[in-house]
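Each chain gets a letter, A, B and so on, in the order the sequences are listed, and its residues count up from 1.
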Amino acid sequence: MSTETISAAASAEATERSRRVPGGLVLSWRQFLYWYTFFYRTWRGTVLSAILGPVMYLTAMGVGIGTLITHGLPDGVTYLSFIAPGVLAAMAMQNGIFEGSFTVLGSVKWAGNYWAAVNTPQRPQDIMFGTAMQGLARTAGMSTVFFCAMVGFGTTHSPWSVLALPVALLTGAVFLFPMMAFSITLDSDQPLTVVFRFVMTPLFLFSGTFFPWQQLPEWMHPIAFITPLWHGVELCRELTLGTVTATSAAIHIGYLLVALAGGVALARRNFSRRLYLHR
Amino acid sequence: MPGNLGGVSSSPSAPDVLIRAHGLVKTFPKKHGEAFTAVAGIDFEVRRGEVFGFLGPNGAGKSTTMRMIGCVSPVGGGHLSLFGLDPNTQGPRIRARLGVVPQEDTLDVEMRVRDNMHVYGRYFGLPRAVIRERAARLLDFVQLTDRAEDKVEPLSGGMKRRLTIARALINDPEILILDEPTTGLDPQARHVVWDRLYRLKQQGTTLILTTHYMDEAEQLCDRLVVMDKGRIAAEGAPRELIERYATREVLELRFPLGEQEQAAEKLAGIGERLEPLPDRVLVYADDGEAALTEAHRRGLEPVTALVRRSTLEDVFLHLTGRTLVD
Amino acid sequence: MTSYALQPRVAPRLPGTFGTRRSLRLVERNIVSYRRMWLMFLTGALEPVFYLLSLGVGLGQLIPNVTGPGGAPVTYVHFVAPALLATAAMNGAMYDATFGIFFRLKYGKVYDAVLATPLTPPDIALGELTWCLMRGGFYAVAFTIVASFFGVLASPWAVLAIPAALLIGLGFAGLGMAIATYMKSWQDFEVVNLLMMPMFLFSTTFFPLGVYPRGLQLFVEITPLYQGIEIVRGLMLGAVGPSLLLRALYLALMALAGLAIAARRFGRLLTA
């Protein structure tokens, strides 16, 4: 038990200061701190799987399957070097989708913490951005671990490689916000499973992550081009293999940023609708 | 010792108006068909230091009104201001000065009691040391000090409600808003909550509460409005309303099945007014015993007869023709 | 909380014995509760098909023939399809058993209600197992039908791939159910994932055993998923021998052990 005493004057001053509600992202930052407190106790288990996962993945997919592959890859590129940047972007997407799903649905449906937060100075957009910040922080953490594994496996062939990390995070963000926008409208977790299997898995498998997209049938190429993951995978790969050009980077980043802006707008709108009960 | 729990700084002799509503409306678009009007143009004022109540049955529009006051539901029409600020644009600044106890507990059930206080206080940007000190004091106030390190999940309904009240006080609010504070609690837990709210009232905290329990409204409220179907049916102090809309006493009579209708006819003329309900007949009279004697004299033999004082329930019945809790 | 004393006893019976008919009541409950979730079943059936398309067809174009179970070379899609069926059976059964049962134990309070009827804890364990199996069976049939369009059913034995997938599901459902009764929080699922991920990646799902050094090979060979994959691959590609029966026995024993543990733990958790 803490026996500390705060003088009445100091307490009153703290109250007075709390009445002057700050602007900008300060309120969102407070929501982020909530999540930090929430996850603080459980980070150990997450870190273990976050480190073991990439190592196992690169070993199995890159090294294991790599021994079977004889042709079809760009000249002089090993299968390991081919898939590593792809998986970096694809895992960021997966992370973004997961972080935007159960965290949000649980908060609005089971735990009630969003309903508590709306009664404080928090606005729906603060709750949304704060939750997104924590999702992005975790995605950044996981991506960094994976990137370190990539370096360890010798798959980074260019000084540009280091930029693959922010690009992966951007890819994760592009999926995080629409997923949050979707999750906040739900009342059960069943639609989440459908999204995981129907949207996430096909994207993961067909966006040029595991094999060059050129192998896809011709009619599927336009579909690949409109998926944000394809842009993330391509750019990450160009960066680690050193084949990046200013034009390709501009196109990919431009596309991802537009998609991000759309997702953020949608998430803002849906959070406000749900939390302020615009039924 | 709890001193400044509710935090009212100005003197109660200057009754300044904290909340002002005029022609307040809230309409929800229905998915099929026309819109649903939950609040249909209401006027009220809440003054500093008073306990103000919204009494009405489920679906009367109380919670919707509370959500607008709490700035978590945009004002649909008319005028509403809190502390002179507009809820539609100044939500965060207003909420920084409110304490809200929602109808459903919104506690983090997997966190510990003390952590719930902490994370909530941090939303207001209060320093950790201030939160620690207040949390200890508030948990003591709601008699949860020995559960501070426990998780919330196993707490009883009454304890959770008390924790929610303590949490709502962490920012030293100028107004504490309680939406159905004792709904779903057992009688004993209700009395503990009432006791705590009464203490806050004694300290001069401004309280706003909704309830469909007339005893709750009578015990706690200085002033209240009776709401029905999105409108205000009456306004005043509890005693005042009873005097205005009911007699001093009520005689409740139960008759054997099937005989009530005949009995009601025979009762005509006794007391000021008769109110036949599905299961009993209420006779409004200033002298209940005299009315009962008169009923016996007319040859009526009720199964049970009860004389009691009039309550807000009777006020509501008179105003709407329906009971509060069905 | 819930006690035997509160159970209505229609006919005298030993508490804690299996009643097959009674277990079916629980299956019925799950069918009712999942009836509106057809979309979930549809997507669950399609997921392994996506994998087959991506790995077998897409990635397969980069890979020449692989050494099959009989030593004969097979195409990559032939190699990977049976493994995908087996892993799908494992994943489905494990997630259903761990996630579903943990949720129902901890939050749903479904079993508390169930035990207020004549059903016993072992009935619950058996009922849940049957349910997992029914879902697994549905997925297996759907996948096998799709796989047949890719021409990967090289042998008449392939018909037995469906019961084999069910056996894999049974084994992992038993294991998962037993694990679920020991789980305390959602964080424990990280551990389940840490168990399943290496099995998924390394049990010759995507590449043959020959890739590993001998020491690692032994390690892979003792995993239950490897047994399952070997059975399905053998059946689909027509390399059938008595060793498959031994592998089947392994999975059956795992199912029984899991069921026995789960039944005991259900009893302890729910009637304490």
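- Heavy-atom neighbours of A:Phe225 CZ from other residues, nucleotides or ligands within 6.0 Å: above the threshold of 12.
- Taking CZ from A:Phe211 and CD1 from C:Ile63, the interatomic distance works out to 11.0 Å, rounded to the nearest 0.5 Å.
- Remark: the backbone N or O of C:Pro64 is not paired with any side-chain donor or acceptor of A:His71 at under 3.5 angstrom.
- Between the CZ atom of C:Phe79 and the CG atom of A:Leu68 there is a distance of 7.5 Å, given to the nearest 0.5 Å.
- Proximity to chain A (any heavy atom under 4.5 Å) is restricted, for C:Tyr76, to the side chain, taken from C-beta onward.
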Pair A:Tyr57, C:Met197 - check side-chain contact (heavy atoms from CB on, under 4.5 Å), show working. CA-CA 9 Å; A:Tyr57 221 91; C:Met197 193 172 173; 3.3 Å; yes

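- A:Ala60 approaches C:Leu201 most closely through the heavy-atom pair CB-CB, 3.6 Å.
- Residue contact with chain A, scored on non-hydrogen atoms closer than 4.5 Å, involves the backbone and the side chain of C:Leu59 alike.
- Nearest approach of A:Met56 to C:Pro198, heavy atoms of both residues: SD-CB, 3.5 Å.
- Between the CG atom of C:Leu46 and the OG1 atom of A:Thr201 there is a distance of 10.5 Å, given to the nearest 0.5 Å.
- Considering A:Val194, A:Val195, A:Thr193 in turn, A:Val194 is the only one that fulfils the side chain to side chain contact (heavy atoms under 4.5 Å, CB included) rule with C:Thr43.
- If you tally non-hydrogen atom pairs under 4.5 Å between each of A:Thr67, A:Leu216, A:Ile65, A:Leu52 and chain C, the highest count goes to A:Ile65.
- Note that the CZ atom of A:Arg197 and the CZ atom of C:Phe50 stand 11.0 Å from one another [nearest 0.5 Å].
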